[in-house]
Number of protein chains: 2
Amino acid sequence: MIKISTEELASIFKKHGLKLTTQRLAIYETLLKRKDHPTTENIYKSLINDYPTISLGTVYSTLHLFKDLGLIQELNFSDGNIRYDPNTKVHINLVCSKCGNITDYNNEKVKEVWQLIISDLKIKPKGQRIDLYYECEKCKRD
Amino acid sequence: MIKISTEELASIFKKHGLKLTTQRLAIYETLLKRKDHPTTENIYKSLINDYPTISLGTVYSTLHLFKDLGLIQELNFSDGNIRYDPNTKVHINLVCSKCGNITDYNNEKVKEVWQLIISDLKIKPKGQRIDLYYECEKCKRD
DNA sequence: GTAACTGCAAACGCTTTGCACTCCC
DNA sequence: GGGAGTGCAAAGCGTTTGCAGTTAC
């Protein structure tokens, strides 16, 4: 996980002529704090108590901005949910096919094989997404 | 790729008390014929000439049905497109991040590592999705 | 000061729903 | 013959858009 400090974030924004607003900072911190790959709605609800005037539109546009800057990854799922992951490195998303909950799984072998594939294909990768669907312990009990 | 014959398809449908209609057969054959992981709209447009009365609603419900039967995989992307893949086995989707075009890539090492991960995690996999984003040759030229 | 950003509300577009008609088994 | 499936049109709803007011720099 790439944890970017407020200073680094400010520098990235400045470089692109963008403003680091209270809302943008709050959204980024929420993304880092939550480990569950929240949806736009999740983030909005997380923030509405501390920032009563924040709008859903702002959360949408901010997440798009973060995606375009390469700070986060957007994960669209079959259940219609769009979830956001601040981890843009090669890793596996362990996704419960019932409740949709996601946990990250890091594995060295995966990274090695990924490098092999990239050199085999002779391509310049722009990103990746590796999902493993299963039924989580909580859903198994229900 | 699992290529299911009309007879096998009929048997699967019968087992579930479902009818194998002309439309369902045509949609399944279109999915197999096209190698580009078409969207709902793509499939609809592919069929409208040969089946002038087919409706978009039918294509939607049929694709959902196929997904529920495990015959195909639904791939939701950041650009808002939902694409369908009749290959449900472990493979890599090479996705162009510009035009969205997808080609399948089969690699033995990936399958081996996938097996390792599954035994490591001690889970029963329900499916997977492995995307590699890059810029395709066609988009590079433009 | 000013250009970028926010909040609000209206518009948009893909997907789902409801229902009468049709057709597979 | 009967119930599942289709086609059509309307409804639904997550997301985007437009714009006046606000804020970071």
Side-chain angles (χ1 to χ4, degrees), chain A residues 6-7 9-30 38-69 71-72 74-84 100, chain B residues 6-28 30 38-69 71-72 74-84 100:
Chain A
T6 310
E7 288 72 29
L9 211 59
S11 142
I12 292 167
F13 274 56
K14 196 173 181 179
K15 195 165 60 187
H16 290 86
L18 299 164
K19 289 176 183 171
L20 186 54
T21 62
T22 314
Q23 292 90 335
R24 288 178 177 173
L25 199 55
I27 291 168
Y28 189 71
E29 281 171 353
T30 303
T39 64
T40 309
E41 192 80 28
N42 289 157
I43 292 168
Y44 175 69
K45 285 185 179 163
S46 275
L47 292 170
I48 196 71
N49 281 324
D50 291 341
Y51 305 86
T53 65
I54 201 167
S55 77
L56 198 50
T58 299
V59 182
Y60 273 107
S61 68
T62 301
L63 290 171
H64 288 173
L65 179 68
F66 288 170
K67 185 184 73 174
D68 293 342
L69 290 171
L71 295 173
I72 61 172
E74 191 176 82
L75 301 172
N76 293 52
F77 289 98
S78 284
D79 60 8
N81 282 324
I82 301 175
R83 290 162 169 273
Y84 293 91
Chain B
T6 309
E7 289 72 31
E8 287 174 284
L9 210 59
S11 141
I12 292 167
F13 274 58
K14 196 173 181 178
K15 197 165 62 187
H16 289 87
L18 299 164
K19 290 176 182 171
L20 186 54
T21 62
T22 315
Q23 293 88 335
R24 287 177 178 175
L25 200 54
I27 291 167
Y28 189 70
T30 303
T39 63
T40 310
E41 191 81 26
N42 290 157
I43 293 169
Y44 175 69
K45 285 185 177 163
S46 275
L47 293 169
I48 196 70
N49 280 325
D50 291 342
Y51 305 86
T53 64
I54 201 168
S55 76
L56 197 52
T58 298
V59 182
Y60 271 107
S61 69
T62 302
L63 290 171
H64 289 173
L65 180 66
F66 288 170
K67 185 184 73 173
D68 293 342
L69 290 171
L71 296 173
I72 60 172
E74 192 177 80
L75 302 172
N76 294 50
F77 288 98
S78 285
D79 60 7
N81 282 324
I82 302 175
R83 291 163 168 272
Y84 293 91

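Here is how names work: the chains are called A, B, and so on, in the same order as the sequence lines, proteins then strands, and each is numbered from 1. Source: prediction; values computed, not measured.
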Task: Residue of the set B:Leu56, B:Thr58, B:Leu63, B:Thr62 for which side chain to side chain contact (heavy atoms under 4.5 Å, CB included) holds with B:Tyr60 - done: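 The option that passes is B:Leu56.
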
Would you mind reading off the distance between [X] atom [atom1] and [N] atom [atom2], rounded to a whole angstrom?
X: A:Tyr84; N: D:dG14; atom1: OH; atom2: P; result: 14 Å
X: B:Tyr60; N: C:dT17; atom1: OH; atom2: C1'; result: 14 Å
X: B:Arg83; N: C:dC14; atom1: CZ; atom2: P; result: 14 Å
X: A:Leu56; N: D:dT15; atom1: CG; atom2: P; result: 8 Å
X: B:Ile48; N: D:dC8; atom1: CD1; atom2: P; result: 8 Å
X: A:Leu63; N: D:dT16; atom1: CG; atom2: C1'; result: 14 Å
X: B:Ile54; N: C:dC23; atom1: CD1; atom2: P; result: 14 Å
X: B:Leu47; N: D:dT6; atom1: CG; atom2: P; result: 12 Å

Looking only at heavy atoms, which two atoms of [X] and [Y] are closest? And how far apart?
X: B:Lys67; Y: A:Ser78; result: NZ-CB, 4.0 Å
X: A:Ile54; Y: A:Tyr44; result: O-CE1, 3.3 Å
X: B:Leu20; Y: B:Thr6; result: CD2-O, 4.0 Å
X: B:Leu71; Y: B:Tyr28; result: CB-CE1, 4.4 Å
X: A:Phe13; Y: A:Arg24; result: CE2-CD, 3.6 Å

With a cut-off of less than 4.0 Å, is there a side-chain N or O of [X] near OP1 or OP2 of [N]?
X: A:His64; N: D:dT16; answer: yes
X: A:Thr58; N: C:dG7; answer: yes
X: B:Thr53; N: D:dG7; answer: yes

Task: Pair A:Glu74, A:Tyr84: side-chain N/O donor-acceptor within cut-off below 3.5 Å - done: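 Per modelled atom types, A:Glu74 and A:Tyr84 side chains form a pair under 3.5 Å.
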
Open item on the list: Any residue in residues 18-26 of chain A with a heavy atom nearer than 4.0 angstrom to DNA chain C? Just list them by number, or reply none.
Closed with: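 Contacting residues: A:Leu18, A:Lys19, A:Thr21, A:Gln23, A:Arg24.
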
TODO: Could you say whether B:Asn81 or A:Thr62 is positioned toward the 5' end of DNA chain C, judged by the nucleotide with the nearest heavy atom to each?
DONE: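 Final value for this comparison: A:Thr62.
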
TODO: Specify the residue among A:Gly17 and B:Lys14 whose closest nucleotide of DNA chain C lies further upstream toward the 5′ end.
DONE: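 The 5'-side residue here is A:Gly17.
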
